[in-house]
Amino acid sequence: MKRELRIMGLALLAVAALGSTAVTEEKFQKLTAGQIRAKLAGMELTDDVHWRDLYQRNGTVVSTSMGRKRTGKWRIENDQLCIEFEKEPILNCYDVWLSGKQVELRREGLLPLQGTLELSSGRN
């Protein structure tokens with residue numbers, strides 16, 4: 001009897017954990033052009049370990065990733081964030097999804113780039 005209660009308790013715990021993940025995912029909302037600009041301009045997007053991107057208000061992006069610093073331009077096109085780095089003339093555009101301070105940059109065929117939105121730390 002005690003064993004069955006433990007198993008049932010673990011099953012309920014697993015269901016609760018899966019349910020809370022689904023609720024968290026549902027909170028992400030796709031941003032429009034104006035919302036992207038309002039949320040990103042003057043802010044940093046980072047995973048707090050490997051990379052940090054500063055989206056300056058003048059349209060410049062400064063990226064530090066694994067000790068490598070790059071600069072480029074960012075702009076909004078068709079409700080997407082588009083980034084082009086100097087010396088890498090490939091324009092990459094992403095749908096921007098937000099949940100609180102959590103951001104996902106999504107692009108078809110790729111896993112989302114996940115980070116946290118923060119005030120500029122001046123580290124770039």
Open item on the list: Could you check whether any side-chain N or O of Thr46 sits under 3.5 Å from a backbone N or O of Trp51, counting only pairs where one atom can act as donor and the other as acceptor?
Closed with: yes
Open item on the list: So Leu117 and Glu44, do their side chains get closer than 4.5 Å, heavy atoms only?
Closed with: no
Task: Verify same cluster id: Ile83, Ile90 (apolar side-chain graph, 4.5 Å) - done: no
TODO: Side-chain contact test, heavy atoms from C-beta onward, threshold under 4.5 Å: evaluate it for Val61 versus Gln56 and give yes or no.
DONE: no
- [ ] Return the set of residues passing side chain to side chain donor-acceptor pair (under 3.5 Å) with Glu84 (not counting sequence neighbours), or none when no residue passes.
- [x] none
Open item on the list: Are Val96 and Lys30 packed together at the side-chain level, in the sense that at least one heavy-atom pair is separated by less than 4.5 angstrom?
Closed with: no
Task: Residues in side chain to side chain donor-acceptor pair (under 3.5 Å) contact with Arg57, at least two apart in sequence or another chain - done: none
Open item on the list: If you define the side chain from C-beta out and look only at heavy atoms, does anything of Asn92 sit under 4.5 Å from Phe85?
Closed with: no
Task: Under 3.5 Å donor-acceptor, Asn78 side chain and Gln80 backbone - done: no
- [ ] Begin with the C-alpha distance, continue with both residues' side-chain angles, and end with the deciding distance and a verdict on side-chain contact (heavy atoms from CB on, under 4.5 Å) for Arg106 and Phe28.
- [x] CA-CA 12 Å; Arg106 299 179 185 178; Phe28 274 94; 4.1 Å; yes
Task: Separation of Leu45 CG from Lys101 NZ (nearest 0.5 Å) - done: 13.0 Å
Open item on the list: Let me confirm one number: the SG-CD1 distance from Cys93 to Ile76, rounded to the nearest 0.5 Å.
Closed with: 9.0 Å
TODO: Please step through side-chain hydrogen bond (donor to acceptor under 3.5 Å, both in side chains) for the pair Ser99 and Gln102, ending with a clear verdict.
DONE: CA-CA 5 Å; Ser99 176; Gln102 300 303 309; over 6 Å; no
Open item on the list: I want to check something: taking the side chain as every heavy atom from C-beta on, are Thr116 and Asp47 in contact at a cut-off of under 4.5 Å?
Closed with: no
- [ ] Rounded to the nearest 0.5 Å, what's the gap from CG on Leu40 to CG on Leu81? Could you check?
- [x] 6.0 Å
Open item on the list: Between Glu88 and Arg70, does the side-chain contact (heavy atoms from CB on, under 4.5 Å) criterion hold? Intermediate values first, please.
Closed with: CA-CA 10 Å; Glu88 297 173 29; Arg70 302 182 296 168; 2.9 Å; yes
Task: Value rounded to 0.5 Å, distance of NZ in Lys73 from CD in Glu86 - done: 7.5 Å
Task: Side-chain touch Asp53/Trp74, heavy atoms, less than 4.5 angstrom - done: no
- [ ] Mark yes when over 12 heavy atoms from residues, nucleotides or ligands other than Leu111 sit less than 6.0 Å from its CG; otherwise mark no.
- [x] no
TODO: Have a look at Tyr94 and tell me which of Ile36, Leu105, Leu113 forms a side chain to side chain contact (heavy atoms under 4.5 Å, CB included) with it.
DONE: Leu105
- [ ] Starting at CZ of Arg52, measure out to CD of Glu118 and round the result to the nearest 0.5 Å.
- [x] 5.0 Å
Open item on the list: Would you compute the distance between atom CD of Glu77 and atom CG of Leu91 and round it to the nearest 0.5 angstrom?
Closed with: 5.5 Å
